There are 2 protein chains.
Amino acid sequence: MASSWGISRSMAEVHALLYLSDETLNTDDMMSRLDISRGSASMTLRSLLDWGVISRVHRRGDRKEYFSAEQDVWKLFRTILRERKKREIEPLLDELLICRDLSAMLNPGRKKRKLDPEAARLKALNDRLDNMIEFVEMINSVSNHLMNSSGKGLELAVKLISKAS
Amino acid sequence: MASSWGISRSMAEVHALLYLSDETLNTDDMMSRLDISRGSASMTLRSLLDWGVISRVHRRGDRKEYFSAEQDVWKLFRTILRERKKREIEPLLDELLICRDLSAMLNPGRKKRKLDPEAARLKALNDRLDNMIEFVEMINSVSNHLMNSSGKGLELAVKLISKAS
DNA sequence: GCTGATTTTCAATTCTTTTTGAAAATATTT
DNA sequence: AAATATTTTCAAAAAGAATTGAAAATCAGC
């Protein structure tokens, strides 16, 4: 799955290992269980921390750092959604709005009587950009709702969709 | 966006060009507009056809093949959803079910009185697998509904979610 | 079935991303 | 603050993915 989600193989593996593990694990555990280097383990754990899907755990009487993964799949879902919105949807929307501004600038003012073909082309381009923007804004809005609804609210929302076939 | 969606840059560019273009375009158009090789254009167009987001158009009196992109963003959304379900969700679910079978096999039969720690570990592993499977099955089910609902039904469903905050 | 136009294929190459490993930095204990 | 344990960093190496270009395959009309 890793590659189609845009994360590296070791990130997926480390997370899976932590998610399925009962105990917290330290860097050396990852290295031996998954056969990866110390550097790789360190960077991978850091990325997972940045995504907010794992957390550090300190054990008294032990200098090493241990890690554990979020166990609630709904919470995990919301965390990933929040992060993808920030990293993907919002920047995309920003770019699209810039494009629309550019395109609107080129577009001739309110309707000329005889619609010359070039104006029509620009109008069509504008419309397509608008459709795409409207769609991404909708995705953005749904993300907001799913992301903030509580675990139960989320499951409910999802059941609503299932009903509205 | 391309990399975080697991498609190549040229695929994204070719699709964007076709989506925003008024006219249908042929391979040579792609090559000159996007400055890519013939081979690359050919493979990229093929992938987009496989995804079902563009289609071939034959013009009478012209031997070249032309292409056009789906213009309806909701339809595009459903097409991509259908394809991702097939390529990602279903294979993932298959793997997860295999994992659960394996895990269930290792798991000791109905409750021993004194729960030895090893059995508890296995039980916990099983539960986590089950949670994940349940979640992916839910995603699968939502995909089915979104994918099959008509354009209007989809927009409606999405508005339902927005309401159920 | 021949000819010329067009598209596809794929080994070699280029470009990108990921991983390694050892040095540097940081933290902990005595 | 020295000694030791642990984590982080990052240049270099390896692995992986995308692209090229030219040969091979396909196709359309004669």
Side-chain angles (χ1 to χ4, degrees), chain A residues 1-18 23-69 83-84 87-88 91, chain B residues 1-18 23-69 83-84 87-88 91:
Chain A
M1 287 299 296
S3 60
S4 63
W5 274 74
I7 60 172
S8 72
R9 157 186 274 264
S10 7
M11 241 178 107
E13 285 184 338
V14 167
H15 183 258
L17 179 55
L18 275 173
E23 322 91 16
T24 59
L25 302 175
N26 61 35
T27 307
D28 292 87
D29 294 330
M30 312 289 174
M31 289 169 62
S32 58
R33 300 275 306 259
L34 301 176
D35 194 29
I36 56 177
S37 71
R38 183 171 302 283
S40 184
S42 173
M43 295 179 95
T44 298
L45 288 166
R46 153 71 83 115
S47 309
L48 289 168
L49 286 168
D50 289 347
W51 272 91
V53 297
I54 68 172
S55 50
R56 285 184 217 272
V57 179
H58 291 282
R59 284 189 184 171
R60 59 193 161 74
D62 192 338
R63 262 158 97 152
K64 288 205 185 71
E65 288 194 312
Y66 289 77
F67 299 88
S68 76
E83 205 62 26
R84 294 194 72 159
R87 298 179 187 210
E88 298 166 26
Chain B
M1 287 300 296
S3 62
S4 63
W5 273 75
I7 61 172
S8 72
R9 158 185 274 264
S10 7
M11 239 177 107
E13 285 184 338
V14 168
H15 183 258
L17 179 55
L18 275 173
E23 321 93 16
T24 58
L25 302 176
N26 61 33
T27 307
D28 292 271
D29 295 330
M30 313 291 173
M31 289 170 61
S32 58
R33 300 277 305 260
L34 302 175
D35 193 30
I36 56 178
S37 70
R38 183 170 301 284
S40 183
S42 173
M43 295 179 95
T44 298
L45 288 166
R46 154 71 83 112
S47 306
L48 290 168
L49 286 167
D50 289 346
W51 273 91
V53 297
I54 67 172
S55 50
R56 285 186 219 271
V57 179
H58 291 283
R59 285 188 183 172
R60 58 194 161 72
D62 192 338
R63 261 159 99 154
K64 288 206 185 69
E65 288 193 313
Y66 289 77
F67 299 87
S68 75
E83 206 61 27
R84 294 193 72 158
R87 298 179 187 209
E88 299 167 25

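We name chains A, B, ... by the order of the sequence lines, and we start the count at 1 in each one. This one's a predicted model, so the numbers in the text were calculated from it and none came from an experiment.
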* Asked: Does the A:S32 side chain pair with the main chain of A:D28, one donor and one acceptor, at a distance under 3.5 Å?
  -> yes
* B:W51 side chain reached by B:M11 side chain, heavy atoms, under 4.5 Å -> yes
Could I get a table of every N or O pair under 3.5 Å where one atom is in the protein and the other is in nucleotides 28-30 of chain C?
residue : atom : partner : partner atom : Å
C:dT28  : O2   : A:R63   : NH2          : 3.2

* Got a sec? Which of residues 34-57 of chain A come in under 4.0 Å of DNA chain C, heavy atoms? -> A:I36, A:S37, A:G39, A:S40
* Report, as yes or no, whether the 6.0 Å neighbourhood of atom CZ on A:R33 holds more than 12 heavy atoms from other residues, nucleotides or ligands. => no
* Is any side-chain heavy atom of B:R38 less than 4.5 Å from a side-chain heavy atom of B:T27? -> yes
* Residue met sooner reading DNA chain D from 5', once A:R9 and A:T27 are mapped to nucleotides -> A:T27
* Asked: Atom CG in B:D29, atom CG in B:L17: separation rounded to 0.5 Å?
  -> 8.0 Å
* To do: Measure the spacing between OG of A:S55 and CG of A:L45 and express it to the nearest 0.5 Å.
  => 11.5 Å
* Roughly how far, to the nearest 0.5 Å, is CE of B:M31 from OG of B:S42? -> 10.5 Å
* Look at the side chain of B:T44 and the backbone N and O of B:S40, then say whether any donor-acceptor pair between them is shorter than 3.5 Å. => yes
* Asked: What does A:S10 touch in the nucleic acid at a heavy-atom separation under 4.0 angstrom: a base, only the sugar-phosphate, or nothing?
  -> sugar-phosphate
* **Test side-chain hydrogen bond (donor to acceptor under 3.5 Å, both in side chains) applied to B:R63 - qualifying residues, sequence neighbours left out** => none
* Structure fact -> Of all heavy-atom pairs linking A:I54 and A:F67, the shortest is CD1-CD2, 4.0 Å
* Asked: Is any side-chain nitrogen or oxygen of A:S8 closer than 4.0 Å to OP1 or OP2 of C:dT19?
  -> yes
* **Global bending angle along the helix from C:dG1-D:dC30 to C:dT30-D:dA1, which compares the axes of five pairs at either end, to 10 degrees** => 40°
* Taking only residues at least two apart or on different chains, which pairs with a member in residues 3-17 of chain A satisfy side chain to side chain donor-acceptor pair (under 3.5 Å)? -> A:R9-A:E13
* Asked: Counting N and O atoms only, with roles assigned by atom type, does the side chain of A:D62 sit under 3.5 Å from a partner on the main chain of A:R59, one being a donor and the other an acceptor?
  -> no
* Heavy-atom neighbours of A:D50 CG exceed 12 at 6.0 Å -> yes
* Could you tell me from which nucleotide to which nucleotide of DNA chain D, 5' to 3', there is an atom under 4.0 Å from chain B heavy atoms? => D:dA18 to D:dA28
